[in-house]
Amino acid sequence: MSRDELVAYFDSGGDISELLRGAAVGPDLGPAPDPESVPMIVTGVRLSAAAVQRLDELAGNDKAGRSGLIRRAIDEFLARHTPETA
């Protein structure tokens with residue numbers, strides 16, 4: 001695959017989760033790390049073009065960008081839906 005074809009594929013928003021699955025595991029790399037020890041895990045999410053455009057507008061010059069907005073939204077959602085421990 002040429003560089004231009006790769007860029008076009010990734011720009012199209014294709015699901016790369018299968019390509020990345022097990023990417024850190026190999027004969028020379030040893031076993032995959034425990035997920036709890038990894039600070040951030042890359043995951044693919046399908047969003048409409050309009051949602052991505054709006055996220056980018058809202059992110060503006062924020063260093064965290066689109067990913068930061070999505071992380072904050074998920075953290076807020078999880079906080080609202082996590083039972084409080086007594």
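Throughout, numbering of the chain's residues begins at 1 and tracks the sequence.
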Exercise. Salt bridge (charged side-chain N to carboxylate O under 4.0 Å, His left out) with Asp4: which residues, sequence neighbours excluded?
Worked result: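 Testing Asp4 for salt bridge (charged side-chain N to carboxylate O under 4.0 Å, His left out), a comparison that skips the adjacent residues, returns none.
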Exercise. Partners of Arg71 by salt bridge (charged side-chain N to carboxylate O under 4.0 Å, His left out), sequence neighbours excluded?
Worked result: none
Exercise. For Ala59 and Gly65, which heavy atoms make the closest approach, and how far apart are they?
Worked result: CB-C, 3.6 Å
Exercise. Looking at side-chain heavy atoms only, is the closest gap between Leu69 and Leu58 below 4.5 Å?
Worked result: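 With C-beta onward as the side chain, the pair touches.
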Problem set entry | Distance, nearest 0.5 Å, that separates CZ of Arg66 from CZ of Arg54 | 14.0 Å
For this session: Say whether Val42 and Val45 are linked into one hydrophobic cluster, either directly or through other cluster members, by side-chain heavy-atom distances under 4.5 angstrom.
Result: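 In one cluster with Val42: Val45, no.
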